[in-house]
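Side chains are part of it too, since the values below use all heavy atoms of this structure and drop only hydrogens, waters and symmetry mates. For clarity, every value in this text was computed on a predicted model and none was experimentally measured. The chain is numbered in sequence order, starting from 1.
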Amino acid sequence: QVQLVESGGGLVQPGGSLRLSCAASGSIGNIYDMGWYRQVAGKEREFVARITRGGSTNYSDSVKGRFTISRDNAKNTVSLQMNSLKPEDTAVYYCKMYAYYAPTSSLRDYWGQGTQVTVSS
């Protein structure tokens with residue numbers, strides 16, 4: 001069974017930095033896209049950043065220039081370096097991996113359980 005385990009969340013002051021990491025365990029197939037999303041209670045989950053297997057990235061306008069996504073294909077991990085954090089970045093952050101699922105010979109999304117990031121003084 002495949003699991004995505006996130007780490008690195010916590011409480012940080014405005015202007016501070018945090019680094020989130022997400023590791024896949026179990027028999028996951030080839031991973032194509034990896035990404036991060038976030039959700040505030042009562043609102044829809046929103047896209048934050050994405051990285052392809054080849055290393056191409058894209059970001060939401062709200063985090064562009066402050067957040068950096070990276071991945072290690074050998075270790076099946078994805079990270080999100082978050083700098084210049086703002087109170088509006090407070091949310092539960094989820095990692096997602098789009099990977100091959102052997103039982104159905106198809107691609108599917110895998111999600112982590114989420115990690116809380118709180119930006120507050």
Side-chain angles (χ1 to χ4, degrees):
Q1 186 174 351
V2 174
Q3 279 191 316
L4 302 188
V5 180
E6 295 128 339
S7 59
L11 172 64
V12 64
Q13 292 187 342
S17 298
L18 280 176
R19 184 177 180 85
L20 305 182
S21 295
C22 175
S25 63
S27 299
I28 192 167
N30 288 334
I31 304 171
Y32 294 87
D33 291 355
M34 294 182 175
W36 289 93
Y37 291 71
R38 65 188 182 187
Q39 188 170 21
V40 175
K43 294 188 176 181
E44 290 189 359
R45 193 170 297 186
E46 66 173 8
F47 167 78
V48 175
R50 165 183 170 266
I51 184 168
T52 68
R53 188 172 182 84
S56 297
T57 60
N58 61 297
Y59 300 89
S60 68
D61 288 343
S62 61
V63 308
K64 200 173 294 182
R66 300 187 297 121
F67 291 10
T68 302
I69 189 170
S70 60
R71 64 186 283 171
D72 185 328
N73 290 331
K75 297 181 179 179
N76 289 339
T77 60
V78 60
S79 297
L80 186 69
Q81 178 66 41
M82 305 185 295
N83 299 328
S84 302
L85 282 160
K86 305 175 181 180
E88 51 264 43
D89 293 318
T90 296
V92 177
Y93 283 71
Y94 298 88
C95 69
K96 188 184 83 166
M97 296 187 184
Y98 185 59
Y100 181 74
Y101 181 60
T104 59
S105 299
S106 63
L107 296 171
R108 60 159 285 181
D109 287 330
Y110 294 90
W111 289 91
Q113 82 286 353
T115 185
Q116 177 70 46
V117 171
T118 302
V119 185
S120 175
S121 55

- Item | Name of the residue among Arg108, Arg53, Arg50 meeting salt bridge (Lys or Arg N to Asp or Glu O under 4.0 Å) with Asp33 | Arg50
- Task: List the atom of Met34, the atom of Val78, and the distance in Å for their closest heavy-atom pair.
- Result: SD-CB, 3.5 Å
- Message: If you count every heavy atom of other residues, nucleotides or ligands that lies below 6.0 Å from Glu44 atom CD, does the total exceed 12?
- Response: no
- So, does Arg71 use its side chain to make a donor-acceptor pair with the main chain of Thr52 at under 3.5 Å? yes
- Atom CZ of Arg19 and atom OG of Ser7: how far apart are they, to the nearest 0.5 Å? 10.0 Å
- CZ (Phe47) and CH2 (Trp36) are apart, to the nearest 0.5 Å, by 13.0 Å
- Task: List the steps and the verdict of side chain to side chain donor-acceptor pair (under 3.5 Å) for Ser79 and Gln81.
- Result: CA-CA 7 Å; Ser79 297; Gln81 178 66 41; over 6 Å; no
- Are Val63 and Tyr94 joined in one hydrophobic group, where the rule is that I, L, V, M, F, W and Y side chains link up if heavy atoms are under 4.5 Å apart? no
- Message: If you compare all heavy atoms of Ala24 against all heavy atoms of Met97, which two are closest, and at what distance to 0.1 Å?
- Response: CB-SD, 3.8 Å
- To which residues is Val5 joined in a hydrophobic cluster, defined by side-chain heavy-atom contacts under 4.5 Å among Ile, Leu, Val, Met, Phe, Trp and Tyr, whether direct or through other members? none
- Message: Less than 6.0 angstrom from the centroid, inside 45 degrees of the normal: does Arg45 satisfy that with respect to the ring of Tyr37?
- Response: no
- Decide whether Val92 and Leu85 are clustered together by the hydrophobic rule: side chain heavy atoms of Ile, Leu, Val, Met, Phe, Trp, Tyr closer than 4.5 Å, transitively. no
- Task: Would you name the heavy atoms of Ala91 and Arg38 that are closest together and state the gap between them?
- Result: CB-CB, 3.8 Å
- Can you measure from CZ (Phe67) to OG (Ser62) and round to the nearest 0.5 angstrom? 7.5 Å
- Gln39, CD atom: more than 12 neighbouring heavy atoms under 6.0 Å: yes
- Task: Search all heavy atoms of Ser105 against all heavy atoms of Tyr100 and return the closest pair with its distance.
- Result: CA-OH, 3.3 Å
- Task: Looking only at non-hydrogen atoms, find the nearest pair between Gly112 and Glu6 and report the distance.
- Result: CA-OE2, 3.4 Å
- When you measure from the side chain of Tyr98 to the backbone N and O of Gly35, does any donor-acceptor pair fall under 3.5 Å? no
- List the atom of Tyr110, the atom of Leu4, and the distance in Å for their closest heavy-atom pair. O-CD1, 3.2 Å
- Note on the structure: When Thr90, Leu18, Leu11 are each screened for side chain to side chain contact (heavy atoms under 4.5 Å, CB included) with Val119, the one that passes is Thr90
- Does Lys86 come within less than 4.0 Å of Asp89, counting only side-chain N to carboxylate O? no
